[in-house]
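Before any comments, here is the structure.
Reminder, nothing fancy here: chain letters follow the sequence lines and each chain counts from 1.
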There are 2 protein chains.
Amino acid sequence: MIEADAAGTLAQRLAERIRDKLIAGELRPGQKLSEAALASTLDVSRNSLREAFRLLTKEGLLRHEPNRGVFVATPSMASIIDIYRVRRVLECRALEQAYPKHPAVIRMRTSVERANKAREDGDWSSVGSANMAFHAAIVDLADSSRLNAFYAHIAAELRLSFGLLPDPEMLHAPYVDLNANILAMLEAGKPKEAAAALDAYLAQSERTVLAAFARIAEPA
Amino acid sequence: MIEADAAGTLAQRLAERIRDKLIAGELRPGQKLSEAALASTLDVSRNSLREAFRLLTKEGLLRHEPNRGVFVATPSMASIIDIYRVRRVLECRALEQAYPKHPAVIRMRTSVERANKAREDGDWSSVGSANMAFHAAIVDLADSSRLNAFYAHIAAELRLSFGLLPDPEMLHAPYVDLNANILAMLEAGKPKEAAAALDAYLAQSERTVLAAFARIAEPA
DNA sequence: TATAGAAAAATTGTTGAACAATCTTGACAG
DNA sequence: CTGTCAAGATTGTTCAACAATTTTTCTATA
């Protein structure tokens, strides 16, 4: 893996670079992205950058105000609540209706194992990645490429919110065991119970994120 | 309402114009959209048109093959099946978990009434519109702007498939009464039953569409 | 005749400059 | 202090050009 991101058109590559900066926290929410400045920084033309902006705006990562510019999307209580509603619809339904021998179940299991190992090593960042992979695998149970793509956007947007929080990785840590439980129920042929557990998981996670967000949003 | 579509940037307006042509059937699936030709037809620059292409590609209405061009998305059995999977996840879950006094219920009712009236008048096109509105209202029960936006894309893509079929509006006609039943169950405080009925509805609709599609796809 | 391959043409990818339209800033008058 | 208006900066849009890639055309050869 020597190559960086040499795929497709320049706009796509640009979108990827900016997306990385976004989830890496290099670009702060609400920050304005000047066309001229960014174009010269990234050493591309304004036209190409604008195409990338259109891409990222459609993904919900940027906000485009005509004649005013594009800004990094700013997470809010409302957006976090909205995102968790989406997660409940997609994940719970996919899990509830899942075929217990679906290939994605294997990915769920490997994700749990990776998370366990990472937790032992104290590698919280990897715990977070494994957790995200676990939930992406759940959505994949529904066998729809459109749902997968949509969930990828939602997950990226949620990561934007996480980036604002202190100790973002720690948010995932408590849920490793819950994931294992959910997986066990599914493999035991009890998808309904697994879905119920997932619903509880999401409710708890949502409360935690909202609380942490409220703490930093209004320190008044 | 004299104004046509004077909102936002040129790329957005272009996207809307092309989207309209797409669902109106003026642009055929698989057809290549030449940048130079379309730009001169629509009397805009290639750059602006390219921005619009990026928008519509993200919506799933166009397909972008780097260095080869953009094409009108071509419906297939696989895409129809995928879309109906999405519909089941979004609509059934939203209905099942719905609060019976949610404002969207009113829109569901007016949609049913509009469909009934249109059917009496033999206005099948309006029956179709009312039917689409009914299902959009169902998704709105989940109270998520992201789900609403996603469903709008899915609906537009499905309409692309309908456009290929003979008597596309007739596809909606048989379902007016089923919608009324679903609404009645929801208003009677039985969301679970309503969701089950909707699931059956979608299964039947999917079969019909697939059968019609198969008939025109391989007339060998 | 068929076909592989090279040359030519057409199309997409990308850039830079230019100007119009709109927004932002800041000075100034009341 | 506040509202107005001009100046400056930024986005919106177009155009022309060239590079990179694909498609088409044509030819030489088996």
(request) Dump the intermediate steps for salt bridge (Lys or Arg N to Asp or Glu O under 4.0 Å) on Arg93(B) and Asp199(A), then the final yes or no. (result) CA-CA 13 Å; Arg93(B) 172 85 188 187; Asp199(A) 200 289; 3.1 Å; yes
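Looking at Arg119(B) and Asn116(B), their side chains do bring a donor and an acceptor atom within 3.5 Å of each other. A donor-acceptor pair shorter than 3.5 Å cannot be found between the side chains of Tyr175(B) and His135(B). Defined by atom type and a distance below 3.5 Å, a donor-acceptor pair is present between the side-chain atoms of His102(A) and Asp143(A).
The distance between atom CG of Leu10(B) and atom C1' of dA20(C), rounded to the nearest whole Å, is 13 Å. With rounding to whole Å, Arg13(A) atom CZ is found 12 Å from dA20(D) atom P.
Shown here for Val72(A) and Pro29(A), the closest heavy-atom pair between the two residues is CG1-CA, 3.6 Å. The two residues Pro75(B) and Phe213(B) come nearest to each other via the heavy atoms O-CZ, 3.5 Å.
Between Leu158(B) and Tyr84(B) the shortest side-chain heavy-atom distance falls below 4.5 Å.
Residues from residues 54-73 of chain B lying near DNA chain D, meaning a heavy-atom separation below 4.0 Å, are Asn67(B), Arg68(B) in numerical order. Shown for residues 37-53 of chain B: residues whose heavy atoms fall under 4.0 angstrom of DNA chain D, namely Val44(B), Ser45(B), Arg46(B), Asn47(B), Ser48(B).
Ring geometry for Phe150(B) against Phe150(A) counts as parallel: the plane angle stays under 30°, on a 0 to 90° scale with 60° as the upper cut.
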